[in-house]
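These notes concern the structure reproduced below.
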Amino acid sequence: MKEEKQASTDHFAAETWDVIIVGAGAAGLMCSATAGYRGKRVLVIDHAPKAAAKIRISGGGKCNFTNVNAAPENYVCSNPHFVKSALSRYPSREFIDLVDRHGLEYEERELGKLFCSNRASDLIQILRTECDWAQVEFALKTEIEKVISQEGEGFRLRTSQGDMRCRKLVIASGALSFAKLKASDFGYRIARQFGLNVIATRPGLVPLNFSGKWLQRFSDLAGLSLDVRVSCRERSFQEAMLFTHQGLSGPAILQISNYWRHGDSIEIDLLPNLDVLSELKAIRQQNSNFHHWLNTFWPKRFTQMWLNLYPAPARLSNAGDEALETLAEQLQRWSLYPSEDGGYDKAEVTLGGVDTNEISSKTFESKRCANLYFIGEVLDVTGQLGGYNFQWAWASAVACGNAL
Ligand SMILES: Cc1cc2nc3c(=O)[nH]c(=O)nc-3n(C[C@H](O)[C@H](O)[C@H](O)COP(=O)(O)OP(=O)(O)OC[C@H]3O[C@@H](n4cnc5c(N)ncnc54)[C@H](O)[C@@H]3O)c2cc1C
């Protein structure tokens, strides 16, 4: 791949690039190809030895690269209107057309999620090909020590490979999740250096940890999964929930973690889509076995734990209406207090980031500092689970690339 045949340091320093993009991730690659096709001389700088580390490992190695239903409602952002323009100008259909042109094999899974059929690296290859065709150049394994504004003449970057100059600078350096993949706070530091506000960050799409008796109970059930509906702060998601040695995970929990704040409880409906009270009344009337009925929905180990926690007789014939209502409430409104989130090392994304009120939603240029742009996850825009985060990377990158 191109990174092994990188040009010399002198070459990077010899010219003033039209555009330098910091970050060879999803947004950086897409933006560089878009600008390169428009005739701009583009250099992408990254401190990692290879481009697109997150794409490579995402989606269990198959990269959930977009979602056919992507819409503004799928994003968390302090300014919910911000995402509308870029998403409508570059909807998921556009990215699907791009990968179709390259012959990528992919499959649609539940809830509109598109995954590579083979490997995520097939998608990286497509992006690298686009960059090659657009004559984008790469300086990988390059640390940026300082960014200096040249008063209306662009920027000078002091790097481990010497000084590099550009007219326009795009920050596509991502966010804090998965430091082992070279995630850094670079983008936030640059934003602050140029006077932009940064919204406090926290881990998103992350497992939730528990302490005390719940930790022991969930740890005993580690590996079990249930289909549930989890709610918090007026949001709810019906998907699988997984018990782990630290607490709860699985898609339903990752989704709700984007909305959960320290001190909030989460509410779990363990039998979603069921009129549980009516079912319990029918069990009472038919004198059938309540414990066996639970086992038709849950693994036996979970039923056992549940009945230890909330003892109930196998036969409900003597239970009054009030007792059945309490039982239904326990099953459908199980309220729990997570102790903490799983931290950035387990988080797929970072909530918060560069304040979108500081950025043009059309061009992604900073309103305070001309010729400085921010795209992708470094911004205070976070998608739900399901390919929405990559769709944001593509859409923000194309909008910016067309404006450079
Ligand atoms: C385990 C995991 C699985 C995921 N799965 C999915 C999925 O299936 N679908 C989905 O939509 N989203 C998924 N995501 C989220 C998705 O990967 C990100 O939202 C997306 O990669 C953000 O793109 P980006 O270009 O903004 O940042 P990144 O892709 O993170 O790219 C940032 C780049 O900047 C470089 N960089 C950082 N700091 C510096 C610095 N100081 N100097 C130079 N370079 C720097 C990094 O090396 C990196 O190459 C997943 C994330 C993780 C961690």
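In each ligand, atom 1 is the first atom listed, and ligand 1 is the first ligand listed. It should be emphasised that the depicted structure is a prediction, and the values quoted were computed from it without experimental measurement.
The aromatic rings of Y310 and W306 lie tilted to each other, with the angle between the two planes from 30° to 60°.
R119 CZ to I124 CD1: the interatomic distance, rounded to the nearest 0.5 Å, is 11.0 Å.
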Next on the checklist: Run Q304 and N308 through side-chain hydrogen bond (donor to acceptor under 3.5 Å, both in side chains) and show every step you take.
Outcome noted: CA-CA 6 Å; Q304 230 161 38; N308 284 340; over 6 Å; no

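Residues satisfying the ring-ring contact (aromatic ring centres under 6.0 Å, His included) criterion with H81, sequence neighbours excluded, are absent altogether.
At a heavy-atom cutoff of 4.0 Å, ligand 1 is surrounded by V22, G23, A24, G25, A26, A27, D46, H47, A48, K54, I57, S58, G59, N64, A172, S173, G174, F178, K182, S184, F186, E348, V349, G376, E377, G387, Y388, N389, F390.
Here the shortest heavy-atom pairing between C400 and C31 reads SG-SG, 3.9 Å.
Between V136 and E130, the closest side-chain pair of non-hydrogen atoms is not below 4.5 Å.
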